[in-house]
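Input: a single structure, listed below in structure tokens.
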Amino acid sequence: DFKASTQFILNHLDDLDPRRGISWQTVQFMLAEVQYGGRVTDDFDKRFLNSLTHVWFNDRLVQPGFKFYDGYPMPEAKNLEEYNNFIQNLPPQDFPEVFGLHKNANISYQINTIKGILDEILNIQPKESSGAAKGGGETREAFVYRLSGDMLKKLPRDYLPHEVKDAITRLGGLLPMNIFLRQEINRMQKLITIVRITLEDLKLAIEGTIIMSENLKSSLDSMYDARVPEKWKKPSWHSTTLGFWFTELLERDTQFKKWIFHGRPKVFWITGFFNPQGFFTAMRQEVTRLHKGWALDSVICQNLVTRFSREDIHDAPPEGVYIHGLFLEGAGLDRKTGKLIESKAKVLFEQMPVIYMYAINTTAGKDSRLYECPIYRKPARTDINYIGSIDFESDIGPRHWIMRGVALLCDIK
């Protein structure tokens, strides 16, 4: 892609009409949509490529004194030796600002680098057998046996089908939100069952009552290293440590039990859902049913960033939902206006206030002055973790925040 792009620019300059000058629009389109963009399928990646070409490929590039950033001027060399000297004099370590990022991005990079090294060390450490504990300390098996017992005591009780059915009926029957809740509870029950069976089997295997299978051995090693067993990851969510994962399981269960047995929450913890996209879809369906003549295909989600924390909300909205639990990465938030501002130094994430999500019936496009901020379940920004988007106002154009890589995260661990 780089060679093809370079060759295109050379050809474009060779065929250039001096009276017309460089066609920056052509260069931007060819680089962002064809040479690189032709292989890109993610809409937000394509948006970033378009912003990147618009920011750097324009008339400013050929103006005297242009700099990408302090210490990164355009080379004014006439021969190979001068170009080599220019390259040698560049800063030995690139600054995040060169790429349009905030300086806090360097902190994130260093944290991720160190975490990768420590994880690798943890993975290659030797696994001691039951008789290899030194100094009379607790063996691996004894530790996991005790941990399994503690987790079994704290593990939520099962959802009984008849109780769930009666509770759904009391909430209004098969309404969109209730159908979503039932689906979430079904997934939670499957996970609770898997966790309970694994923990009970581990205790029996350590006692010698049953055979320690490969799956149980793998679970034992993971739990001893404070990692989530692979068997639990598939039906659940990713987490850095077993402690964080189990705490989230208890918190998710608490939200579901309060909702189904004590009534619909006034504010929803968006991180606590297996399928957040389904939650927003159910909200759209619910609002559509409230308005005669609305078609679901033309109903879209809208949002309003409030000034309130979860504790300040005492009543549910007349339609739509309040959500909380999101973290802003790459920018800060002006609490008075709800607009994006630059991040504070050394503050990597900012907790968002309550956001009001509602739906409107329209076929018009979104306001180009707003920044469409993607929401991800985890810091890894992949299609699997993508949930949806929220629009932010800002006194700076949206391309600035696209270059900053601003996103909302459900979980920062």
Side-chain angles (χ1 to χ4, degrees), residues 156 159 163-185 188 248 250-294 296 299-328 333-340 349-362 370 373 375 377 387-393 408-411:
Y159 290 87
E163 290 183 356
V164 173
K165 184 178 179 179
D166 292 343
I168 290 291
T169 303
R170 288 195 300 271
L171 290 174
L174 298 180
L175 300 174
M177 278 294 192
N178 294 341
I179 293 173
F180 167 78
L181 173 60
R182 187 175 65 178
Q183 292 170 345
E184 291 286 303
I185 287 176
M188 175 58 78
E248 187 170 336
L250 299 179
E251 291 173 347
R252 288 182 180 222
D253 175 75
T254 299
Q255 176 169 245
F256 293 148
K257 281 193 167 67
K258 284 183 178 179
W259 185 353
I260 194 164
F261 295 123
H262 302 286
R264 178 167 165 164
K266 298 177 178 61
V267 187
F268 292 89
W269 179 46
I270 191 66
T271 309
F273 296 135
F274 290 93
N275 181 22
Q277 298 99 317
F279 174 75
F280 290 132
T281 300
M283 183 272 291
R284 285 175 52 232
Q285 292 173 336
E286 186 179 65
V287 174
T288 302
R289 291 187 178 189
L290 293 175
H291 298 272
K292 187 176 181 180
W294 282 23
L296 185 62
V299 174
I300 62 171
C301 288
Q302 292 286 92
N303 65 270
L304 175 66
V305 180
T306 73
R307 303 180 186 180
F308 308 114
S309 63
R310 180 184 58 175
E311 293 75 17
D312 298 328
I313 303 296
H314 302 294
D315 297 300
E319 63 179 52
V321 292
Y322 289 127
I323 63 171
H324 76 99
L326 295 176
F327 297 87
L328 185 63
L333 183 72
D334 187 332
R335 295 278 174 159
K336 294 182 179 179
T337 63
K339 294 182 178 180
L340 291 179
F349 306 100
E350 183 166 340
Q351 187 165 6
M352 290 290 294
V354 169
I355 299 174
Y356 174 41
M357 299 293 297
Y358 59 99
I360 61 171
N361 186 36
T362 180
L370 299 176
C373 182
I375 309 173
R377 289 187 179 90
I387 294 174
S389 62
I390 282 179
D391 295 329
F392 280 103
E393 294 181 352
L408 286 167
L409 306 177
C410 292
D411 188 7

If the condition is salt bridge (charged side-chain N to carboxylate O under 4.0 Å, His left out), which residues does [X] pass it with, not counting sequence neighbours?
X      : value
Glu184 : none
Glu393 : none
Arg307 : none
Lys257 : Asp253

Would a 4.5 Å heavy-atom cut-off, applied to side chains only, mark [X] and [Y] as touching?
X      : Y      : value
Gln255 : Met188 : no
Phe274 : Arg252 : yes
Ile355 : Ile270 : no
Val354 : Ser309 : no
Asp411 : Glu248 : yes

Can you run down the side chain to side chain donor-acceptor pair (under 3.5 Å) pairs that involve residues 315-327, sequence neighbours left out, and say none if there aren't any?
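Applying side chain to side chain donor-acceptor pair (under 3.5 Å) to every pair that reaches into residues 315-327, excluding sequence neighbours, yields His291-Glu319.
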Pairs where residues 266-283 contributes a residue and the test side chain to side chain donor-acceptor pair (under 3.5 Å) is met, not counting sequence neighbours:
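Qualifying pairs, neighbours excluded: Gln277-Arg377.
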Taking the six-membered ring for Trp, are Phe268 and Phe273 parallel (under 30°), tilted (30 to 60°) or perpendicular (over 60°)?
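The arrangement is tilted - the two ring planes meet at 30° to 60°.
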Straight-line distance of Leu333 CG to Lys339 NZ, nearest 0.5 Å
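Going from the CG atom of Leu333 to the NZ atom of Lys339 covers 11.5 Å.
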Distance (rounded to the nearest 0.5 Å) between Ile185 CD1 and Ile260 CD1
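Answer rounded to 0.5 Å: 3.5 Å.
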Less than 3.5 Å apart, which donor and acceptor atoms pair up between the side chains of residues 164-182 and the rest of the protein, not counting sequence neighbours?
from	atom 1	to	atom 2	distance (Å)
Thr169	OG1	Lys165	O	3.0
Asn178	ND2	Leu171	O	3.3
Asn178	ND2	Gly173	O	2.8

Sidechain-backbone polar pair: Asn303 side chain, Asp391 backbone, donor-acceptor under 3.5 Å:
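Answer holds: yes.
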Is there a side chain to side chain contact (heavy atoms under 4.5 Å, CB included) between Leu328 and Leu340 once you walk through the steps?
CA-CA 10 Å; Leu328 185 63; Leu340 291 179; 3.8 Å; yes
Closest non-hydrogen atom pair between [X] and [Y], with its separation:
X      : Y      : result
Cys301 : Met357 : CB-CE, 4.3 Å
Met352 : Val305 : CE-CG1, 4.0 Å
Ile375 : Cys410 : CG2-SG, 4.2 Å

I'd like to check the ring pair (Phe, Tyr, Trp, His ring centres under 6.0 Å) partners of Tyr358; sequence neighbours left out, ordered by chain and number.
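In terms of ring pair (Phe, Tyr, Trp, His ring centres under 6.0 Å), with neighbours along the sequence ignored, Tyr358 is linked to Tyr356.
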What pairs with Tyr159 under ring pair (Phe, Tyr, Trp, His ring centres under 6.0 Å), at least two apart in sequence or on another chain?
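Per chain and number, Tyr159 pairs via ring pair (Phe, Tyr, Trp, His ring centres under 6.0 Å) with no residue.
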Show me the pairs that pass salt bridge (Lys or Arg N to Asp or Glu O under 4.0 Å) and involve residues 272-282, at least two apart or across chains.
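Applying salt bridge (Lys or Arg N to Asp or Glu O under 4.0 Å) to every pair that reaches into residues 272-282, excluding sequence neighbours, yields nothing.
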What residue pairs, at least two apart or across chains, pass salt bridge (Lys or Arg N to Asp or Glu O under 4.0 Å) with a residue in residues 280-294?
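Sorted pair list: Arg264-Glu286.
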With Thr288 via side-chain contact (heavy atoms from CB on, under 4.5 Å) - residues at least two apart
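For Thr288 the side-chain contact (heavy atoms from CB on, under 4.5 Å) partners, ignoring immediate neighbours, are Trp294, Leu296, Val299.
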Decide side chain to side chain contact (heavy atoms under 4.5 Å, CB included) for Ile323 and Phe280; before the verdict, give the C-alpha distance in whole Å, the side-chain angles of both, and the deciding distance to 0.1 Å.
CA-CA 11 Å; Ile323 63 171; Phe280 290 132; 4.3 Å; yes
